[in-house]
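Working notes, beginning with the structure itself.
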Amino acid sequence: MNIQFREFNPFDLWIWLEFETTPSPMEQQYIEEAFDSWYYLGKLGGFNAENLRVSDAGVDISYMEYDRGISEETLMAPMHNMSDFEYLGTWGRCWIDLGTSDLIAIDVLINALTQLSKEFVQIQTLIFGGENEDWAIDGSHRSMFSEP
């Protein structure tokens, strides 16, 4: 899977997927469930780089004391909105407002889609940002977002 970055605005971000063939309904379901799951975690503030204490602790976390007070002191970092996933031929796209979530969210999505591409649906290219010459953006995505 080729990964590319174009103009990147976290509050107005298109994510483009190019498939090797037109995705079947089942393949579309896999993609949509991956994006929905990623978004739900983001909506709940799961991609907050200020609060990665377990990861920052290192390899040995046996008997680690987790102080919830520190978690409550960090600012929330939720995603704000996401549109429904759309398809056109071998392309798929989704609009997202990453809100104040941190860029670790992008790494998590790349990791998930990499594995999904290996096992379920062949993703040829994953593009963050910009526009697709063959598929115009009309701006209505901001009013059409789905709120879970």
Side-chain angles (χ1 to χ4, degrees), residues 1-59 61 66 70-148:
M1 182 172 71
N2 183 26
I3 301 167
Q4 300 174 10
F5 287 84
R6 296 179 182 160
E7 309 83 40
F8 191 93
N9 177 350
F11 303 107
D12 187 13
L13 178 66
W14 282 96
I15 300 173
W16 303 87
L17 295 168
E18 183 180 18
F19 304 98
E20 291 196 5
T21 61
T22 301
S24 70
M26 181 60 82
E27 291 171 327
Q28 290 178 8
Q29 184 178 350
Y30 288 140
I31 292 295
E32 291 167 23
E33 286 179 2
F35 270 84
D36 286 344
S37 298
W38 175 71
Y39 175 67
Y40 292 143
L41 288 174
K43 186 78 173 163
L44 294 170
F47 304 117
N48 186 346
E50 287 186 43
N51 195 20
L52 296 176
R53 285 178 287 123
V54 174
S55 180
D56 291 342
V59 178
I61 59 169
Y66 194 94
I70 295 171
S71 299
E72 293 173 8
E73 292 172 13
T74 62
L75 296 175
M76 287 190 55
M79 287 184 184
H80 292 172
N81 299 314
M82 185 177 84
S83 71
D84 291 330
F85 212 89
E86 303 172 288
Y87 301 91
L88 181 65
T90 59
W91 284 96
R93 72 180 182 186
C94 182
W95 174 85
I96 188 88
D97 176 349
L98 291 173
T100 55
S101 63
D102 292 303
L103 293 179
I104 189 172
I106 300 299
D107 285 316
V108 169
L109 182 62
I110 290 170
N111 291 341
L113 292 178
T114 298
Q115 194 62 32
L116 188 68
S117 181
K118 288 178 183 177
E119 296 189 22
F120 297 103
V121 55
Q122 294 277 322
I123 302 170
Q124 190 171 347
T125 308
L126 169 62
I127 303 170
F128 292 93
E131 294 189 32
N132 186 331
E133 295 175 3
D134 300 329
W135 195 357
I137 296 171
D138 64 8
S140 64
H141 59 279
R142 289 187 178 133
S143 62
M144 295 176 19
F145 67 83
S146 59
E147 189 77 15

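Values below: every heavy atom of this structure, side chains too, minus hydrogens, waters and symmetry copies.
Taking 4.5 Å as the limit, every side-chain heavy atom of Ser101 sits out of range of all side-chain heavy atoms of Asn48. In this structure the side chain of Thr114 reaches within 4.5 angstrom of the side chain of Lys118, judged on heavy atoms. Within the 4.5 Å cutoff, the side chain of Ile15 has heavy atoms near those of the Leu109 side chain. You'll find the side chain of Ile123 reaches within 4.5 Å of the side chain of Phe19, heavy atoms only. Looking at Met79 and Phe47, their side chains come closer than 4.5 Å, going by heavy atoms from C-beta outward. Side-chain atoms of Phe85 and Asp36, non-hydrogen and from C-beta on, never get closer than 4.5 Å to each other. Using a 4.5 Å cut-off on side-chain heavy atoms (C-beta onward), Leu98 and Ile106 make contact. Between Gln124 and Thr90 the shortest side-chain heavy-atom distance does not fall below 4.5 Å.
Gln122 contributes atom CD, which lies 9.0 Å from atom CD of Glu27 (distance to the nearest 0.5 angstrom). Between the CH2 atom of Trp95 and the CE atom of Met82 there is a distance of 10.5 Å, given to the nearest 0.5 Å. Distance check, rounded to the nearest 0.5 Å: CD1 of Ile137 to CG of Asp12 gives 8.0 Å. A distance of 12.5 Å separates CG in Leu17 from CD in Glu86, rounded to the nearest 0.5 Å. With rounding to the nearest 0.5 Å, the separation of CH2 in Trp91 from CG in Asn132 is 4.5 Å. One finds the CZ atom of Arg93 at 8.0 Å from the CG atom of Leu88 (value rounded to the nearest 0.5 Å).
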Q: Tell me, with the steps shown, if Ile127 and Glu18 meet side chain to side chain contact (heavy atoms under 4.5 Å, CB included).
A: CA-CA 8 Å; Ile127 303 170; Glu18 183 180 18; 5.9 Å; no
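Classified by interplanar angle (parallel below 30°, tilted 30° to 60°, perpendicular above 60°), the ring pair Phe11/His80 is tilted.
Looking at every heavy atom in both residues, Gly129 comes nearest to Arg6 through O-CD, 3.4 Å. Closest heavy-atom contact between Ala49 and Asp102: N-OD2, 2.6 Å. For Ala34 against Leu116, the heavy-atom pair with the smallest separation is CB-CD2, 4.2 Å. In plain terms, the two heavy atoms of Ser83 and Cys94 that are nearest each other are O-SG, 3.5 Å. In this structure, Gly89 and Pro23 approach most closely via the heavy-atom pair O-CD, 3.7 Å. For the residue pair Leu126 and Ile110, the shortest heavy atom distance occurs at CD2-CG1, 4.0 Å.
Looking only at distances, no side-chain donor or acceptor of Trp14 sits under 3.5 Å from a matching main-chain atom of Glu131. Formation of a donor-acceptor pair under 3.5 Å by the Ser117 side chain with backbone atoms of Leu113 is not found in this model.
Side-chain atoms of Tyr87 and Glu32 form a donor-acceptor pair, as typed in the model, at a separation below 3.5 Å.
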